[in-house]
Amino acid sequence: MYREDIKEACTFIENELTAKPSLGLILGSGLGVLGDEIENPQTIAYKDIPHFPESTVAGHKGQLIIGTLEGKQVIAMQGRFHYYEGYTMQQVTFPVRVMKELGIESIIVTNAAGGINKGFNPGDLMLITDHINNMGNNPLLGPNDDHLGVRFPDMSKLYNKAFISHAESCANELGLKVQKGVYVGNTGPVYETPAEINMLRTLGGDAVGMSTVPEVIVAGHAGIRVLGISCISNMAAGILDQPLTHDEVIETTEKVREDFLQFVKKIIQKIS
Ligand code: 6GU
């Protein structure tokens, strides 16, 4: 059963650990470098953890890094599971369940995303204020385990307002300009057509990507406080007259790496 799998994975990880993490981090495409900043790191490969799926995509490592960052006990996923890789929604979100079982209270979820909002530029960082689940699936479909969360979870406060304000004041302190907006979760693996991007803009989307939504739904279900940060790695289709490539996504996230690192570290340092 699902809950026993979570417990087994949790017990395995706990047996490796010397301290209990309170903050989770999911590091997206090109953003895994934050994991390298963790002090006294303990790393656990996904493949060694019972019931964990294995990560396949290029540019994504597949390991947990547990240790201290800015004085806080953190557990970071360097590499995540994407729905487009063929994993089920339950597999994609399994690590969030395990982090909850390990005792985390808050999670910072990051991703690389395409800019839909024409006021955005590649290299911008965007605080996610809300999302649109456009994946045609939901990790909570099926029988509900009431130990994990309620049958019909409220999704009106997924992205914690106080956490967003906290991040904004950290950005101010660093003199960093950050955008705010709505993240659309698409399945991928294709990038969208220009017509689809126009549709998503009409629907209220500001950025689009292929992750985050499943994990945040499960975090909400589990009562974990969420902060979402998108790195706008490129403009989505039809805005600039240039084709989209995964290389561009990686290249841009490498360019904003420093800003991203400083930003997230400040957020963690000042977290209460
Ligand atoms: Cl334009 N679309 C999607 N779905 N994911 C992305 C992206 C675009 N740019 C980076 N990731």
Side-chain angles (χ1 to χ4, degrees), residues 25-34 55-61 77-87 89 92-93 108-139 159 178-217 227-257 259-261 263-264:
L25 297 166
I26 302 182
L27 306 175
S29 295
L31 303 172
V33 283
L34 184 62
S55 134
T56 60
V57 92
H60 292 256
K61 284 188 192 168
M77 289 183 72
Q78 216 173 26
R80 59 146 61 86
F81 303 104
H82 295 91
Y83 189 50
Y84 65 72
E85 293 176 88
Y87 299 112
M89 282 275 165
V92 168
T93 56
I108 301 178
V109 184
T110 68
N111 59 57
I116 298 176
N117 186 317
K118 290 179 180 172
F120 289 2
N121 290 298
D124 281 353
L125 296 174
M126 183 190 89
L127 294 168
I128 304 176
T129 54
D130 205 347
H131 76 218
I132 294 173
N133 177 9
N134 199 39
M135 290 189 165
N137 201 347
N138 192 298
Y159 299 88
V178 289
Q179 309 281 6
K180 281 198 284 186
V182 173
Y183 177 91
V184 180
N186 272 358
T187 62
V190 296
Y191 293 119
E192 298 70 24
T193 65
E196 287 164 345
I197 292 303
N198 285 334
M199 174 187 76
L200 296 176
R201 189 182 302 109
T202 304
L203 294 177
D206 294 296
V208 59
M210 307 175 190
S211 67
T212 301
V213 163
E215 293 107 315
V216 172
I217 289 173
L227 182 72
I229 307 173
S230 291
C231 167
I232 307 300
S233 52
N234 52 274
M235 295 311 287
I239 299 175
L240 307 174
D241 190 20
Q242 67 184 48
L244 303 177
T245 64
H246 184 61
D247 289 345
E248 185 194 356
V249 172
I250 297 298
E251 220 174 274
T252 310
T253 51
E254 275 172 11
K255 274 191 206 138
V256 292
R257 170 178 290 179
D259 284 352
F260 173 78
L261 288 178
F263 186 38
V264 179

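Just so you know, ligand 1 is whichever comes first in the structure, and atom 1 is the first atom listed for that ligand.
- Under 3.5 Å, the side chains of Asn234 and Glu248 contain no donor-acceptor pair of N or O atoms.
- In the vicinity of Met210, heavy-atom distances shorter than 4.0 Å reach the ligand 1 atoms 3 (C), 4 (N), 5 (N).
- With hydrogens and angles ignored, the 3.5 Å screen pairs no side-chain donor or acceptor of Arg80 with any backbone N or O of Glu215.
- Below 3.5 Å of separation, one finds an N or O of Gly114 facing an N or O of ligand 1.
- The atoms of ligand 1 that sit less than 4.0 Å from any heavy atom of Ser233 are 10 (C).
- Formation of a donor-acceptor pair under 3.5 Å by the Tyr183 side chain with backbone atoms of Ser211 is found in this model.
- Contact annotation for Leu244 and ligand 1: only side-chain heavy atoms (C-beta onward) come within less than 4.0 Å of the ligand.
- Between Ser230 and Asn111, the side chains place a donor N or O and an acceptor N or O closer than 3.5 Å (distance only, hydrogens not considered).
- A side-chain donor-acceptor contact under 3.5 Å links Asn133 to the backbone of Asn137.
- The closest protein non-hydrogen atom to atom 4 (N) of ligand 1 is Glu192 OE2, 2.6 Å.
- By the criterion of a heavy-atom distance under 4.0 Å, neither the backbone nor the side chain of Met235 is placed next to ligand 1.
- The main-chain N or O of Val182 is found under 3.5 Å from a side-chain atom of Asp206 such that the two form a donor-acceptor pair.
- With respect to atom 5 (N) of ligand 1, the closest heavy atom belonging to the protein is Gly209 CA, 3.4 Å.
- With Glu192 contributing its side chain and Ile197 its backbone, the two residues share no donor-acceptor pair below 3.5 Å.
- Neither the backbone nor the side chain of Ile197 comes within 4.0 Å of ligand 1, counting heavy atoms alone.
- With a heavy-atom cut-off of 4.0 Å, Ala112 touches ligand 1 through its backbone alone.
- Checking side-chain atoms of Ser233 against main-chain N and O of Thr252 turns up no donor-acceptor pair under 3.5 Å.
- Of the heavy atoms in Ala113, only backbone atoms (N, CA, C, O) come closer than 4.0 Å to ligand 1.
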query = Are Thr187 and Met210 close enough, and set up right, to give a side chain to side chain contact (heavy atoms under 4.5 Å, CB included), and what steps lead you there?
reply = CA-CA 5 Å; Thr187 62; Met210 307 175 190; over 6 Å; no
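- Of all protein heavy atoms, the one closest to atom 8 (C) of ligand 1 is Tyr191 CD2, 3.4 Å.
- Nearest protein heavy-atom contact of atom 9 (N) of ligand 1 is Asn234 OD1, 3.0 Å.
- In summary, the atoms of ligand 1 found under 4.0 Å from a heavy atom of Ala236, numbered by their order in the structure, are 1 (Cl).
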